[in-house]
Structure formats: C-alpha cells, structure tokens
Amino acid sequence: MTALASLMLERPVVLDGGLGTLLLARRPTVEDFGGSRHEGCLEWLNRRRPRWVQEIHAAYLDAGADGVETNTFGANAIVLGEYGLEAEVEALNFEAATLAREVARSYDRRRYVIGSVGPGTKLVTLGQVALETLEASYQAQMRGLLRGGVDALLLETCQDLGQIKAAIRAAKAAMAETKRACPLWVQVTVETTGTLLLGTEVGAVLTALEPLGIDLLGLNCGTGPDEMQAPLATLAEAAPMPISCLPNAGLPERRGNELFYPLDPEAFAEKVAHLAKTHHVNVVGGCCGTTPEHIRALVDRMSGLALTHRVPRMDRSISSL
C-alpha cells in the first residue's frame with residue numbers, strides 16, 4: 001500500500017482547488033501563450049509561464065492541502081492538437097508533473113502530486129472520436145505523468161463510460177510501459193439532472209467500473225456540494241473502494257462575460273465537511289471557483305476528523321461492454 005493510500009484510510013485527504021481558475025485570473029495575454037495559435041491552452045503555460053504554475057501550487061499547499069493536481073487537464077493529443085501542440089503531449093505532462101513535484105517536495109510534511117487527466121473535447125460514445133485514437137492519446141499523456149513522478153493518476157470530470165474505460169486501459173498500459181505503478185482514481189461529473197452528461201446513473205457507473213480495478217471513485221465539477229448529496233450517498237452506500245468529493249464553489253452564475261461561483265470559503269467548507277462526515281469520504285477538495293482561501297477554510301473544518309469505517313453493500317449486476 002502506498003503512503004497516499006494509507007493516509008486516505010486514516011483521515012480525509014484534502015486536494016487543491018481550481019488551478020485553472022487562478023491561471024485565468026492572471027489574465028494571460030497572447031504573448032504569455034507564445035502567439036495566437038496557442039492562445040487559451042492553459043497546459044502550454046507549464047512551459048511558457050512555469051513560475052505561475054508553481055506559485056499556484058504553492059498557494060494551495062500553503063493553505064494546507066495534502067496534494068495538488070498537475071496542470072494537465074487537457075494535455076492529451078486530441079485537445080493539444082487543436083492548438084498545434086500534439087507533438088508535445090508526453091513532454092508537457094512530464095514538465096507539469098516535475099513542476100508540481102518540485103513544489104510539493106519543498107515542504108517538511110509529505111505532500112502529494114496527482115496527475116490530472118481530463119475528458120477531452122470529443123465523446124467516444126457519440127462517435128466523435130475513434131476508441132483507438134482516444135486510448136493512444138491518453139496513453140501518451142499518462143506516460144509523461146508517470147515519468148514525471150506523480151503519486152496517483154486521476155481521470156476527472158468524466159462524462160462518458162466509453163471514455164473512462166479507454167482511459168483506464170491507457171493508464172494500465174502506460175504503467176506497464178514505464179514500469180511504474182501508482183493508484184488510479186476516477187471522478188465523474190453528475191449534472192443537475194442527477195446523471196452524467198450522456199444519461200448514465202451513478203449506480204451504473206459503479207457497476208461498470210468496479211471490476212476494472214480502480215482505487216477510488218468519486219465526483220467532481222459540474223455542480224456545487226448541495227447537488228452532490230444524492231449521488232455521493234449512492235457511492236457511500238455501495239462503493240467497495242474509497243470515495244471522493246470535489247465540487248465547484250456552488251452552481252456557476254453568468255455575470256457579464258464571466259462565470260461567478262457563489263459560495264464563499266466558509267460556506268463552501270461547511271458544506272463539503274458535512275458531506276465528508278456524513279458519507280465517510282476519503283478525498284475532499286474543490287474544483288472550479290475554489291481558491292486557496294476555500295481550501296484553507298476546508299482544511300480548518302476537517303481538522304481532527306478521523307474516518308469512520310464504511311460498510312458498503314454493493315448488489316452485483318451486469319453492464320454492457
């Protein structure tokens with residue numbers, strides 16, 4: 001068992017919040033991106049503005065987070081290809097992991113680096129991308145993250161079971177290639193309708209993914225903590241693996257040309273801590289709209305909370321291939 005896995009069974013682990021939110025708050029210019037061809041590619045800032053990325057990692061760790069996610073949410077060949085950067089996939093992921101690891105290792109207490117793997121921009125189940133293309137794209141990304149020394153791989157903001165299965169296969173292939181194993185986590189995004197974007201219920205997600213040997217299953221993005229109550233209760237009741245909850249700072253609101261997240265740090269922390277205590281959550285944190293102040297408030301709320309043993313009751317069932 002890894003040190004991270006052991007810690008997760010002792011108390012809820014707190015991860016950082018919205019790295020992308022803070023990068024955008026710096027108002028990067030065309031020059032910061034190195035030209036209009038790459039404008040908007042936050043992952044390219046790992047190379048163009050590495051100090052920004054490290055300063056944000058440090059801000060969340062200073063706030064008390066146990067770990068940070070790499071700046072690699074869209075760092076796969078399909079997404080990077082939209083910016084003409086498909087040849088940089090493995091190198092960019094390696095650089096992002098190295099940047100985060102350098103910051104994490106500078107603290108006296110052990111801090112962890114979680115390799116962020118987003119869903120991409122094309123859904124395999126809807127035929128927008130070939131399964132083999134998607135899998136190869138993920139495999140290159142995760143080779144870079146593993147070689148960069150991440151402590152876990154996180155498939156996050158997942159909306160499509162086909163995409164998740166492709167990413168899991170890619171992760172295992174990348175681990176075999178690099179001869180380096182690490183925990184594999186999955187987080188899905190549940191809409192306000194109570195299902196994934198393609199209509200999949202959380203119970204079906206658990207049924208489909210449990211046999212694949214993942215090390216954690218949870219929720220992130222999409223909604224605030226209130227809307228995660230019901231799907232998180234389903235996971236808490238049935239999931240045989242550790243579970244996670246990383247909501248946004250409330251449901252986003254459009255104010256002018258920008259999105260606004262309404263939960264301030266104290267309100268956010270109170271709601272997430274309540275979910276963690278009620279459902280025995282192993283990993284908590286924030287997603288869009290959550291700043292270091294949100295994480296600091298959450299760490300304070302979680303202080304002294306030990307995990308109680310959860311006894312899952314999963315009914316065995318079948319799912320499609």
Decide if atom [atom1] of [X] counts as having more than 12 heavy atoms of other residues, nucleotides or ligands within a radius under 6.0 Å.
X    : atom1 : answer
E253 : CD    : yes
R51  : CZ    : no
R27  : CZ    : no

Donor-acceptor under 3.5 Å ([X] side chain, [Y] main chain):
X    : Y    : value
R49  : L23  : no
E43  : G74  : yes
R48  : E31  : yes
N248 : Y261 : no
R180 : V150 : yes
S106 : V103 : yes
E88  : W44  : no
S137 : T133 : no
Y60  : G18  : yes
D160 : T125 : yes

Next on the checklist: Holding to ring-ring contact (aromatic ring centres under 6.0 Å, His included), I want the full list of residues that pass it with F268, two or more places apart in sequence or in another chain.
Outcome noted: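 Per chain and number, F268 pairs via ring-ring contact (aromatic ring centres under 6.0 Å, His included) with H294.
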Next on the checklist: So, using ring-ring contact (aromatic ring centres under 6.0 Å, His included) as the criterion, who are the partners of H279 when residues are at least two apart?
Outcome noted: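 Testing H279 for ring-ring contact (aromatic ring centres under 6.0 Å, His included), a comparison that skips the adjacent residues, returns none.
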Checklist entry - Going through the checks in order, is the side chain to side chain contact (heavy atoms under 4.5 Å, CB included) test met by E156 and C221? => result CA-CA 9 Å; E156 62 173 324; C221 203; over 6 Å; no
Linked, directly or transitively: [X] and [Y] (ILVMFWY side chains, under 4.5 Å):
X    : Y    : value
I243 : V283 : no
F73  : L259 : no
V117 : V113 : yes
V205 : V190 : yes
V188 : L275 : yes

Can you name the closest pair of heavy atoms from [X] and [Y] and give their distance?
X    : Y    : result
N46  : L99  : O-CD1, 3.5 Å
L246 : G286 : CD2-O, 3.9 Å
G224 : P247 : C-CB, 3.7 Å
Y83  : G40  : OH-O, 3.5 Å
T121 : Q128 : O-OE1, 4.3 Å
S116 : L145 : O-CD1, 4.2 Å

Next on the checklist: Is there a side chain to side chain contact (heavy atoms under 4.5 Å, CB included) between Q159 and L198? Walk through the geometry before answering.
Outcome noted: CA-CA 7 Å; Q159 306 156 344; L198 297 186; 5.8 Å; no
Taking the side chain as C-beta and beyond, is there a heavy-atom pair between [X] and [Y] under 4.5 Å?
X    : Y    : answer
L134 : I78  : yes
P225 : L232 : no
N93  : T70  : no
E266 : R301 : yes
L7   : Y112 : yes
S244 : V13  : no

Checklist entry - Without hydrogens or angle criteria, can the side chains of N220 and T157 be said to hold a donor-acceptor pair below 3.5 Å? => result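 On atom types as modelled, these side chains qualify, holding a pair under 3.5 Å.
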Item to check | No-hydrogen, no-angle side-chain donor-acceptor test under 3.5 Å, S303 and D300 | outcome: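 There is no such pair between these side chains.
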Hey, could you give me the [atom1]/[atom2] distance between [X] and [Y], rounded to the nearest 0.5 Å?
X    : Y    : atom1 : atom2 : result
L307 : H280 : CG    : NE2   : 9.0 Å
L251 : D226 : CG    : CG    : 8.0 Å
T223 : E191 : OG1   : CD    : 8.5 Å
F33  : E39  : CZ    : CD    : 6.5 Å
I164 : L161 : CD1   : CG    : 5.0 Å
C287 : L19  : SG    : CG    : 11.0 Å

Next on the checklist: Among L305, N282, D66, which residue satisfies the side-chain contact (heavy atoms from CB on, under 4.5 Å) criterion with R11?
Outcome noted: D66
Next on the checklist: Filter on salt bridge (Lys or Arg N to Asp or Glu O under 4.0 Å), then keep only pairs touching residues 201-212, sequence neighbours left out; what's left?
Outcome noted: E210-R316
Item to check | Pairing of R111 and D62 as salt bridge, 4.0 angstrom limit | outcome: no
Next on the checklist: For D151 and T2: C-alpha separation, side-chain torsions, deciding distance, then whether side chain to side chain contact (heavy atoms under 4.5 Å, CB included) applies.
Outcome noted: CA-CA 9 Å; D151 296 296; T2 66; over 6 Å; no
Next on the checklist: Quick one, Q141 with L153, criterion side chain to side chain contact (heavy atoms under 4.5 Å, CB included). Give me CA distance, side-chain angles, the key distance, then yes/no.
Outcome noted: CA-CA 11 Å; Q141 177 178 13; L153 290 171; over 6 Å; no
